[in-house]
Amino acid sequence: MTHKLSKTDRIMKTIRHIPMGKVASYGQIADLAGLPGRARLVGKVLREADAELSLPWHRVLRSSGLLAFAKGTKQAIAQSELLQKEGVLISHCRVKLDHFGWRPSIETLMMLGF
DNA sequence: GTCTTGACGTAAC
DNA sequence: GGTTACGCCAAGA
C-alpha cells in the first residue's frame, strides 16, 4: 500500500478535529498527528494551506497559550477576534489553557489513529 | 543529493 | 513571564 498519508496531511486532519471553543498548541497538534516534536511542520502546513480547506488555524497557538503571531500583525488580531467569537477569553495576547485548552477524549484519540 | 527555510519547543538566565 | 540560543525534521529550490 503506497497510500500512507503524508505528514502534512495527518496534521491538517488533526487540526480539523479541534472542537470549537477550544485551542491547541502546535506541539499538541504534531503529537496528536503522530509527529512528536515536529511542531514546525504544523506551522508550515498551515502557512501553505488555503482558507478553503476549512482549517481552524485560529485555534492553534504557541505553547503556553501565547498567540501564534506577534502582536500588531493582521493575523494576530484576526485570531484573537475569532477565538473570542467562539467564547475563548484572551488576556494580553494570551489564552488561558487551563480553561480553553483542548483536552482530546479517548474516542478522539482513537479516531486520530492512536 | 545538498542547502536553506520555517504559523515551533524547550531550556537557560 | 520575556528574551536568547539551540535543536528537529520535512519540503522546496
Side-chain angles (χ1 to χ4, degrees):
Chain A
M1 295 307 217
T2 59
H3 288 103
K4 274 181 79 172
L5 287 173
S6 299
K7 327 274 184 183
T8 54
D9 287 331
R10 292 201 57 136
I11 291 171
M12 288 196 294
K13 209 159 196 170
T14 304
I15 294 173
R16 284 201 190 110
H17 284 293
I18 302 178
M20 169 185 172
K22 298 283 182 172
V23 294
S25 64
Y26 289 95
Q28 189 170 3
I29 299 296
D31 188 45
L32 292 172
L35 306 165
R38 250 88 293 169
R40 308 192 82 182
L41 264 287
V42 179
K44 189 170 258 210
V45 172
L46 286 169
R47 201 209 200 242
E48 306 261 309
D50 277 342
E52 303 181 52
L53 296 175
S54 303
L55 291 178
W57 61 272
H58 56 270
R59 291 179 196 152
V60 187
L61 348 157
R62 287 197 173 217
S63 58
S64 300
L66 193 72
L67 283 184
F69 302 92
K71 191 177 188 223
T73 58
K74 186 171 165 186
Q75 301 215 319
I77 299 173
Q79 182 170 35
S80 57
E81 291 279 303
L82 286 166
L83 287 175
Q84 288 182 79
K85 206 154 66 165
E86 292 188 355
V88 180
L89 299 179
I90 301 177
S91 50
H92 277 299
C93 305
R94 208 148 310 191
V95 178
K96 289 186 177 182
L97 292 177
D98 337 324
H99 290 281
F100 301 107
W102 180 31
R103 305 180 7 157
S105 61
I106 301 298
E107 297 188 359
T108 305
L109 292 174
M110 297 203 306
M111 186 162 45
L112 291 170
F114 254 81

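Convention: sequence-line order gives letters A, B, ...; per-chain numbering from 1. A quick note: this is a predicted structure, and the numbers were derived from the prediction, not measured.
- Counting only heavy atoms from C-beta on, A:Arg47 has its side chain closest to B:dA7 among C:dA10, B:dA7, B:dC8.
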(message) Set out, in order, the CA-CA distance, both residues' side-chain angles and the distance that settles side-chain contact (heavy atoms from CB on, under 4.5 Å) for A:Leu55 and A:Met12, then state yes or no.
(response) CA-CA 7 Å; A:Leu55 291 178; A:Met12 288 196 294; 3.9 Å; yes
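- The interatomic distance linking A:Leu66 (CG) with B:dT10 (P) rounds to 13 Å, in whole Å.
- Only A:Arg94, listed by number, bring a heavy atom of residues 67-95 of chain A to less than 4.0 angstrom from any atom of DNA chain C.
- The closest donor-acceptor contact from the side chain of A:Arg16 to the backbone of A:Leu53 lies under 3.5 Å.
- In this entry the distance linking CZ of A:Arg62 with P of B:dA7 reads 10 Å, nearest Å.
- Residues A:Lys74 and A:Phe69 have side chains not in contact (no heavy-atom distance under 4.5 Å, counting atoms from C-beta outward).
- Between A:Ser63 and B:dG9 there is a side-chain N or O to OP1 or OP2 distance below 4.0 Å.
- The CZ atom of A:Arg10 sits 17 Å away from the P atom of C:dC9 (whole-angstrom rounding).
- When atom types are taken as modelled, the side chain of A:Arg38 and the backbone of A:Pro36 share a donor-acceptor pair closer than 3.5 angstrom.
- Within residues 28-43 of chain A, the residues approached by DNA chain C to less than 4.0 Å at the level of any non-hydrogen atom are A:Arg38, A:Arg40, A:Leu41, in residue-number order.
- The distance from atom CG of A:Leu61 to atom P of B:dG9 is 9 Å, rounded to the nearest whole Å.
- As a whole-Å value, the separation of A:Asp9 CG from C:dA10 P is 14 Å.
- No option in A:Leu41, A:Val45, A:Ile11 other than A:Ile11 meets the side-chain contact (heavy atoms from CB on, under 4.5 Å) test with A:Ile29.
- In this structure, the side chain of A:Arg59 does not engage the main chain of A:Ile15 through any donor-acceptor pair within 3.5 Å.
- Taking a 6.0 Å sphere around NZ of A:Lys7, one finds it holds 12 or fewer heavy atoms contributed by other residues, nucleotides or ligands.
- To the nearest angstrom, C1' of B:dG6 lies 12 Å from CD1 of A:Ile11.
- The closest donor-acceptor contact from the side chain of A:Ser6 to the backbone of A:Asp9 lies at 3.5 Å or more, if one exists at all.
- C:dA10 atom P lies 16 Å from atom CE of A:Met12, rounded to whole Å.
- Under the side-chain contact (heavy atoms from CB on, under 4.5 Å) rule, A:Trp102 has a single partner from A:Val60, A:Val23, A:Leu97, A:Ile18, which is A:Ile18.
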